[in-house]
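Read through the structure below, which is laid out as C-alpha coordinates, and then see the notes.
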Amino acid sequence: MSLRFRSLDGKRVLITGAASGIGRATAMRACAEGAELVLTDIDDAKLRLVEQEAAGRGAAIHAARALDIADREAVVAFAEEVHSACGSLDVVMNVAGISTWGPVEELAHRHWQRTIEVDLMGPIHVIECFVPPMIRAGTGGHLVNVSSAAGLLGLPWHAPYSAAKFGLRGVSEVLRFDLRRHGIGVTLVCPGAVKTPLVESVEIVGVDREHAAMRKLTKRFEARAASPDDVAAKIIGAVKRGRYLVLTSREIQLAYWLQRFFPPAYELAMRVANDQLVAAATRSRQ
(Lines give C-alpha, C1' and ligand atoms only; values in the text may rest on other atoms or scores of the structure.)
Protein backbone atom coordinates (compact mmCIF):
# COMPACT_ATOMS: atom_id res chain seq x y z
CA MET A 1 0.00 0.00 0.00
CA SER A 2 1.39 3.43 -0.94
CA LEU A 3 2.34 5.75 1.90
CA ARG A 4 1.69 8.79 -0.27
CA PHE A 5 -1.41 10.91 -0.61
CA ARG A 6 -1.36 12.35 -4.09
CA SER A 7 -4.23 14.57 -3.01
CA LEU A 8 -5.93 15.53 0.24
CA ASP A 9 -9.20 16.14 -1.57
CA GLY A 10 -11.96 14.46 0.43
CA LYS A 11 -9.56 13.21 3.11
CA ARG A 12 -10.62 13.55 6.74
CA VAL A 13 -7.85 15.50 8.52
CA LEU A 14 -7.48 16.17 12.25
CA ILE A 15 -5.37 19.16 13.29
CA THR A 16 -4.64 19.95 16.93
CA GLY A 17 -3.55 23.46 17.88
CA ALA A 18 -5.64 24.68 14.96
CA ALA A 19 -6.51 28.11 16.37
CA SER A 20 -3.22 29.86 15.63
CA GLY A 21 0.31 29.60 14.29
CA ILE A 22 1.34 26.46 12.41
CA GLY A 23 -1.95 24.72 13.24
CA ARG A 24 -4.11 27.45 11.76
CA ALA A 25 -1.90 27.78 8.67
CA THR A 26 -2.00 24.01 8.13
CA ALA A 27 -5.78 24.00 8.48
CA MET A 28 -6.05 26.66 5.78
CA ARG A 29 -3.64 24.77 3.52
CA ALA A 30 -5.57 21.53 4.02
CA CYS A 31 -8.79 23.41 3.32
CA ALA A 32 -7.35 24.66 0.02
CA GLU A 33 -6.50 21.05 -0.86
CA GLY A 34 -10.13 19.99 -0.39
CA ALA A 35 -9.65 18.23 2.93
CA GLU A 36 -12.53 17.65 5.33
CA LEU A 37 -11.48 19.06 8.69
CA VAL A 38 -11.57 18.01 12.32
CA LEU A 39 -10.17 20.83 14.46
CA THR A 40 -9.23 21.29 18.09
CA ASP A 41 -7.43 23.82 20.24
CA ILE A 42 -7.47 24.97 23.85
CA ASP A 43 -8.56 28.49 22.80
CA ASP A 44 -12.27 28.27 21.99
CA ALA A 45 -12.71 31.85 20.71
CA LYS A 46 -9.85 31.65 18.22
CA LEU A 47 -10.87 28.14 17.19
CA ARG A 48 -14.33 29.42 16.26
CA LEU A 49 -12.76 32.08 14.05
CA VAL A 50 -10.70 29.44 12.23
CA GLU A 51 -13.77 27.23 11.88
CA GLN A 52 -15.71 30.12 10.36
CA GLU A 53 -12.87 31.02 8.01
CA ALA A 54 -12.46 27.44 6.80
CA ALA A 55 -16.21 27.04 6.33
CA GLY A 56 -16.24 30.32 4.41
CA ARG A 57 -13.65 28.84 2.07
CA GLY A 58 -15.91 25.88 1.43
CA ALA A 59 -14.36 23.31 3.77
CA ALA A 60 -16.44 20.53 5.25
CA ILE A 61 -15.89 20.57 9.02
CA HIS A 62 -16.90 17.40 10.83
CA ALA A 63 -16.04 18.70 14.32
CA ALA A 64 -14.36 21.63 16.04
CA ARG A 65 -13.94 21.31 19.78
CA ALA A 66 -11.99 23.33 22.33
CA LEU A 67 -10.07 21.04 24.67
CA ASP A 68 -6.74 20.51 26.41
CA ILE A 69 -4.94 17.59 24.76
CA ALA A 70 -3.21 16.93 28.09
CA ASP A 71 -6.64 15.89 29.41
CA ARG A 72 -6.91 12.29 28.22
CA GLU A 73 -10.61 11.96 29.08
CA ALA A 74 -11.39 15.03 26.97
CA VAL A 75 -9.47 13.58 24.01
CA VAL A 76 -11.24 10.22 24.40
CA ALA A 77 -14.65 11.92 24.39
CA PHE A 78 -13.69 14.01 21.36
CA ALA A 79 -12.51 10.91 19.50
CA GLU A 80 -15.83 9.19 20.18
CA GLU A 81 -17.67 12.24 18.84
CA VAL A 82 -15.50 12.38 15.72
CA HIS A 83 -15.71 8.67 14.94
CA SER A 84 -19.46 8.75 15.40
CA ALA A 85 -19.75 11.71 13.03
CA CYS A 86 -17.42 10.66 10.22
CA GLY A 87 -15.70 7.36 10.95
CA SER A 88 -11.94 6.85 11.05
CA LEU A 89 -9.65 9.64 9.91
CA ASP A 90 -7.19 9.68 7.05
CA VAL A 91 -4.64 12.12 8.47
CA VAL A 92 -3.88 12.97 12.10
CA MET A 93 -1.71 16.03 12.78
CA ASN A 94 -0.30 16.69 16.25
CA VAL A 95 0.54 20.40 16.10
CA ALA A 96 -0.53 21.77 19.50
CA GLY A 97 2.18 22.59 22.01
CA ILE A 98 3.60 24.97 24.59
CA SER A 99 7.15 26.03 25.39
CA THR A 100 8.98 26.61 28.66
CA TRP A 101 12.66 27.56 28.88
CA GLY A 102 14.98 28.21 31.78
CA PRO A 103 18.14 27.15 33.58
CA VAL A 104 17.62 23.97 35.56
CA GLU A 105 18.21 25.71 38.89
CA GLU A 106 15.28 28.06 38.19
CA LEU A 107 12.79 25.46 36.95
CA ALA A 108 10.05 24.26 39.27
CA HIS A 109 8.49 20.81 38.98
CA ARG A 110 5.37 22.33 37.46
CA HIS A 111 7.40 23.62 34.49
CA TRP A 112 8.64 20.13 33.66
CA GLN A 113 5.28 18.49 34.30
CA ARG A 114 3.05 20.81 32.29
CA THR A 115 5.41 20.90 29.31
CA ILE A 116 5.64 17.12 29.16
CA GLU A 117 1.89 16.73 29.71
CA VAL A 118 1.05 18.98 26.76
CA ASP A 119 3.94 18.38 24.36
CA LEU A 120 4.43 14.63 24.82
CA MET A 121 1.45 13.07 26.57
CA GLY A 122 -0.97 15.26 24.59
CA PRO A 123 0.16 13.83 21.23
CA ILE A 124 0.22 10.35 22.76
CA HIS A 125 -3.42 10.78 23.82
CA VAL A 126 -4.30 11.79 20.26
CA ILE A 127 -2.34 8.87 18.79
CA GLU A 128 -3.91 6.24 21.05
CA CYS A 129 -7.41 7.54 20.35
CA PHE A 130 -7.21 8.10 16.59
CA VAL A 131 -4.54 5.81 15.12
CA PRO A 132 -5.94 2.38 16.12
CA PRO A 133 -9.28 3.14 14.36
CA MET A 134 -7.24 4.18 11.32
CA ILE A 135 -5.48 0.81 11.44
CA ARG A 136 -8.77 -1.08 11.79
CA ALA A 137 -10.24 0.76 8.81
CA GLY A 138 -7.53 -0.81 6.66
CA THR A 139 -7.37 2.05 4.18
CA GLY A 140 -4.01 3.54 5.16
CA GLY A 141 -3.44 7.05 6.39
CA HIS A 142 -0.84 9.44 7.71
CA LEU A 143 0.35 10.69 11.10
CA VAL A 144 2.13 14.05 11.50
CA ASN A 145 3.95 14.89 14.73
CA VAL A 146 5.31 18.41 15.11
CA SER A 147 8.40 18.17 17.29
CA SER A 148 11.02 20.93 17.17
CA ALA A 149 14.66 21.71 16.51
CA ALA A 150 14.77 21.20 20.30
CA GLY A 151 13.92 17.57 19.57
CA LEU A 152 17.15 17.26 17.59
CA LEU A 153 19.65 19.64 19.19
CA GLY A 154 20.91 20.57 22.65
CA LEU A 155 19.54 24.11 22.58
CA PRO A 156 20.28 26.16 25.71
CA TRP A 157 17.72 26.26 28.53
CA HIS A 158 15.33 23.97 26.64
CA ALA A 159 15.46 20.98 29.00
CA PRO A 160 11.70 20.58 29.70
CA TYR A 161 10.79 21.37 26.09
CA SER A 162 13.47 19.03 24.76
CA ALA A 163 12.38 16.28 27.14
CA ALA A 164 8.96 16.37 25.47
CA LYS A 165 10.11 17.00 21.91
CA PHE A 166 12.87 14.37 21.95
CA GLY A 167 10.22 12.00 23.32
CA LEU A 168 7.84 12.80 20.49
CA ARG A 169 10.67 12.29 18.04
CA GLY A 170 11.28 8.85 19.57
CA VAL A 171 7.60 7.93 19.31
CA SER A 172 7.64 9.00 15.66
CA GLU A 173 10.80 7.03 14.88
CA VAL A 174 9.19 3.85 16.18
CA LEU A 175 5.80 4.42 14.56
CA ARG A 176 7.29 5.14 11.13
CA PHE A 177 8.17 1.42 11.01
CA ASP A 178 5.34 0.00 13.14
CA LEU A 179 2.66 1.67 11.03
CA ARG A 180 4.19 1.02 7.64
CA ARG A 181 2.66 -2.46 7.37
CA HIS A 182 -0.75 -0.81 7.75
CA GLY A 183 -0.10 1.64 4.93
CA ILE A 184 0.14 4.54 7.39
CA GLY A 185 2.94 7.02 6.83
CA VAL A 186 4.56 9.15 9.52
CA THR A 187 6.00 12.64 9.23
CA LEU A 188 8.18 14.19 11.94
CA VAL A 189 8.36 17.99 11.67
CA CYS A 190 11.22 19.77 13.45
CA PRO A 191 10.76 23.52 13.04
CA GLY A 192 13.36 26.04 14.04
CA ALA A 193 12.29 29.62 14.57
CA VAL A 194 8.70 30.24 13.42
CA LYS A 195 6.73 33.50 13.65
CA THR A 196 3.90 32.25 15.84
CA PRO A 197 2.22 33.50 19.05
CA LEU A 198 4.44 30.97 20.86
CA VAL A 199 7.35 33.38 20.41
CA GLU A 200 5.64 35.88 22.70
CA SER A 201 3.99 33.37 25.03
CA VAL A 202 7.02 31.16 25.74
CA GLU A 203 7.85 31.25 29.44
CA ILE A 204 11.53 31.90 30.18
CA VAL A 205 11.83 31.13 33.87
CA GLY A 206 13.81 33.56 36.00
CA VAL A 207 14.26 36.14 33.24
CA ASP A 208 12.70 39.54 32.54
CA ARG A 209 11.63 39.15 28.93
CA GLU A 210 10.97 42.87 28.60
CA HIS A 211 14.58 43.81 29.36
CA ALA A 212 16.45 45.28 26.39
CA ALA A 213 18.96 42.41 26.31
CA MET A 214 16.22 39.78 26.09
CA ARG A 215 14.19 41.81 23.60
CA LYS A 216 17.29 41.97 21.41
CA LEU A 217 17.58 38.17 21.45
CA THR A 218 13.86 37.86 20.68
CA LYS A 219 14.19 40.19 17.69
CA ARG A 220 17.17 38.19 16.43
CA PHE A 221 15.08 35.02 16.74
CA GLU A 222 12.17 36.59 14.88
CA ALA A 223 14.44 37.84 12.09
CA ARG A 224 15.43 34.25 11.30
CA ALA A 225 11.93 32.85 11.75
CA ALA A 226 9.93 31.17 9.00
CA SER A 227 6.29 32.03 8.51
CA PRO A 228 3.63 29.56 9.70
CA ASP A 229 2.38 29.29 6.13
CA ASP A 230 5.83 28.22 4.89
CA VAL A 231 5.92 25.49 7.54
CA ALA A 232 2.35 24.44 6.71
CA ALA A 233 3.25 24.13 3.03
CA LYS A 234 6.14 21.83 3.95
CA ILE A 235 3.86 19.72 6.16
CA ILE A 236 1.22 19.27 3.46
CA GLY A 237 3.93 18.52 0.90
CA ALA A 238 5.48 15.88 3.16
CA VAL A 239 2.13 14.14 3.67
CA LYS A 240 1.49 14.05 -0.07
CA ARG A 241 5.00 12.71 -0.79
CA GLY A 242 5.16 10.31 2.15
CA ARG A 243 8.25 12.06 3.55
CA TYR A 244 9.39 11.33 7.10
CA LEU A 245 11.67 14.14 8.35
CA VAL A 246 10.89 17.81 7.73
CA LEU A 247 13.44 20.43 8.77
CA THR A 248 11.96 23.85 8.14
CA SER A 249 15.10 25.97 7.72
CA ARG A 250 18.62 25.71 6.33
CA GLU A 251 19.94 26.76 9.73
CA ILE A 252 18.44 23.69 11.39
CA GLN A 253 19.53 21.48 8.49
CA LEU A 254 23.11 22.67 8.96
CA ALA A 255 23.08 22.22 12.75
CA TYR A 256 21.65 18.70 12.41
CA TRP A 257 24.28 17.84 9.77
CA LEU A 258 27.06 19.12 12.04
CA GLN A 259 25.71 17.12 14.96
CA ARG A 260 25.86 13.90 12.96
CA PHE A 261 28.96 14.39 10.84
CA PHE A 262 31.13 17.05 12.52
CA PRO A 263 30.46 16.95 16.28
CA PRO A 264 33.21 19.43 17.32
CA ALA A 265 31.58 22.23 15.31
CA TYR A 266 28.14 21.34 16.67
CA GLU A 267 29.44 21.33 20.25
CA LEU A 268 31.09 24.72 19.75
CA ALA A 269 27.88 26.19 18.32
CA MET A 270 25.82 24.94 21.29
CA ARG A 271 28.35 26.31 23.80
CA VAL A 272 28.37 29.71 22.11
CA ALA A 273 24.57 29.81 22.02
CA ASN A 274 24.45 28.88 25.70
CA ASP A 275 26.97 31.58 26.63
CA GLN A 276 25.03 34.21 24.68
CA LEU A 277 21.75 33.36 26.41
CA VAL A 278 23.33 33.33 29.86
CA ALA A 279 24.99 36.71 29.20
CA ALA A 280 21.70 38.27 28.06
CA ALA A 281 19.85 36.81 31.05
CA THR A 282 22.49 38.12 33.44
CA ARG A 283 22.15 41.62 32.02
CA SER A 284 18.36 41.39 32.33
CA ARG A 285 18.68 40.81 36.08
CA GLN A 286 20.97 43.79 36.69
Side-chain angles (χ1 to χ4, degrees), residues 1-41 47 50-65 78-79 81-96 123 126-127 129-147 172 175-191 194 226-248:
M1 185 180 295
S2 174
L3 299 183
R4 299 185 180 190
F5 281 110
R6 297 191 181 278
S7 170
L8 291 184
D9 188 32
K11 302 299 183 183
R12 298 179 295 277
V13 178
L14 165 65
I15 302 170
T16 72
S20 62
I22 296 171
R24 178 194 172 281
T26 304
M28 294 302 108
R29 284 271 178 175
C31 170
E33 294 272 342
E36 300 174 6
L37 301 178
V38 175
L39 306 174
T40 185
D41 195 282
L47 181 63
V50 172
E51 179 185 12
Q52 292 170 15
E53 184 177 359
R57 297 186 183 191
I61 301 174
H62 292 292
R65 172 68 61 86
F78 182 56
E81 173 190 340
V82 169
H83 292 133
S84 176
C86 64
S88 64
L89 302 180
D90 299 298
V91 182
V92 171
M93 297 191 182
N94 276 310
V95 183
V126 171
I127 289 167
C129 288
F130 287 96
V131 172
M134 186 187 292
I135 293 172
R136 289 192 291 269
T139 55
H142 206 95
L143 171 67
V144 176
N145 289 326
V146 176
S147 177
S172 304
L175 293 184
R176 70 184 290 203
F177 302 110
D178 283 0
L179 297 180
R180 185 177 182 85
R181 65 176 49 86
H182 302 291
I184 299 172
V186 175
T187 292
L188 173 67
V189 186
C190 295
V194 184
S227 74
D229 191 60
D230 287 342
V231 178
K234 289 181 171 65
I235 291 173
I236 297 296
V239 172
K240 292 169 70 174
R241 294 192 298 272
R243 181 180 175 188
Y244 174 61
L245 182 61
V246 176
L247 305 179
T248 63

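Position 1 is the first residue of the sequence, and the numbers go up from there.
- Applying the side-chain contact (heavy atoms from CB on, under 4.5 Å) criterion to Ala137, with sequence neighbours excluded, gives Ser88, Thr139.
- Taking every heavy atom of both residues into account, Ala35 and Val13 meet most closely at CB-CG2, 3.8 Å.
- Between the CD1 atom of Ile15 and the OG1 atom of Thr26 there is a distance of 6.0 Å, given to the nearest 0.5 Å.
- Expressed to the nearest 0.5 Å, how far NZ of Lys234 lies from CZ of Arg241 amounts to 10.0 Å.
- Of the candidates Lys240, Arg57, Lys11, Glu33 forms a salt bridge (charged side-chain N to carboxylate O under 4.0 Å, His left out) with just one, namely Lys240.
- Considering only residues two or more places apart in sequence or on other chains, Asp90 meets the side-chain hydrogen bond (donor to acceptor under 3.5 Å, both in side chains) condition with none of them.
- Scanning for side-chain hydrogen bond (donor to acceptor under 3.5 Å, both in side chains) contacts around Thr187 gives His142, with sequence neighbours left out.
- For the atom pair CD1 (Ile235) and OG1 (Thr248), the distance works out to 9.0 Å, reported to the nearest 0.5 Å.
- Taking Ala25 as the reference, Pro228, Ala232 meet the side-chain contact (heavy atoms from CB on, under 4.5 Å) condition, with sequence neighbours excluded.
- Judged by the 6.0 Å and 45° rule, Arg65 forms no cation-pi pair with Phe78.
- Residues Ser20 and Asp41 share a closest heavy-atom pair of N-OD2, 4.4 Å.
- Gln52 places none of its side-chain heavy atoms less than 4.5 Å from the side chain of Ile61.
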Worksheet item: Where do Val126 and Val92 land on the side chain to side chain contact (heavy atoms under 4.5 Å, CB included) test, with the steps shown first?
Response: CA-CA 8 Å; Val126 171; Val92 171; 3.6 Å; yes
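- Scanning for salt bridge (charged side-chain N to carboxylate O under 4.0 Å, His left out) contacts around Glu51 gives Arg48, with sequence neighbours left out.
- Counting only residues at least two apart or in different chains, salt bridge (Lys or Arg N to Asp or Glu O under 4.0 Å) contacts with residues 15-30 comprise Arg24-Glu53, Arg29-Asp229.
- Side-chain atoms of Leu14 and Val82, non-hydrogen and from C-beta on, never get closer than 4.5 Å to each other.
- Side-chain contact between Leu47 and Leu39 is present, with at least one heavy-atom pair separated by less than 4.5 Å.
- The salt bridge (Lys or Arg N to Asp or Glu O under 4.0 Å) pairs that include a residue from residues 131-141 number zero, where partners must be two or more places apart or lie in different chains.
- Partners of Ser172 under the side-chain hydrogen bond (donor to acceptor under 3.5 Å, both in side chains) rule, at least two apart in sequence or in another chain, are Asn145.
- Of all non-hydrogen atoms in Leu37 and Ala54, the two that sit nearest each other are CD1-CB, 3.9 Å.
- Pro123 is linked by a side-chain contact (heavy atoms from CB on, under 4.5 Å) to Ile69, Asn94, Leu168, counting only residues two or more places apart in sequence or in another chain.
- A distance of 8.5 Å separates CG in Leu89 from NE2 in His62, rounded to the nearest 0.5 Å.
- Taking the side chain as every heavy atom from C-beta outward, Val239 and Val144 approach each other to under 4.5 Å.
- Looking at Leu247, Val146, Val95 one by one, the single match for side-chain contact (heavy atoms from CB on, under 4.5 Å) with Val189 turns out to be Val146.
- Across every non-hydrogen atom of Ile184 and Gly140, the tightest pair is CG1-C, 3.9 Å.
- A donor-acceptor pair under 3.5 Å is formed between the side chain of Thr16 and the backbone N or O of Ala96.
- Scanning for ring-ring contact (aromatic ring centres under 6.0 Å, His included) contacts around Phe130 gives His83, with sequence neighbours left out.
- Ile127 places a side-chain heavy atom less than 4.5 Å from the side chain of Leu175.
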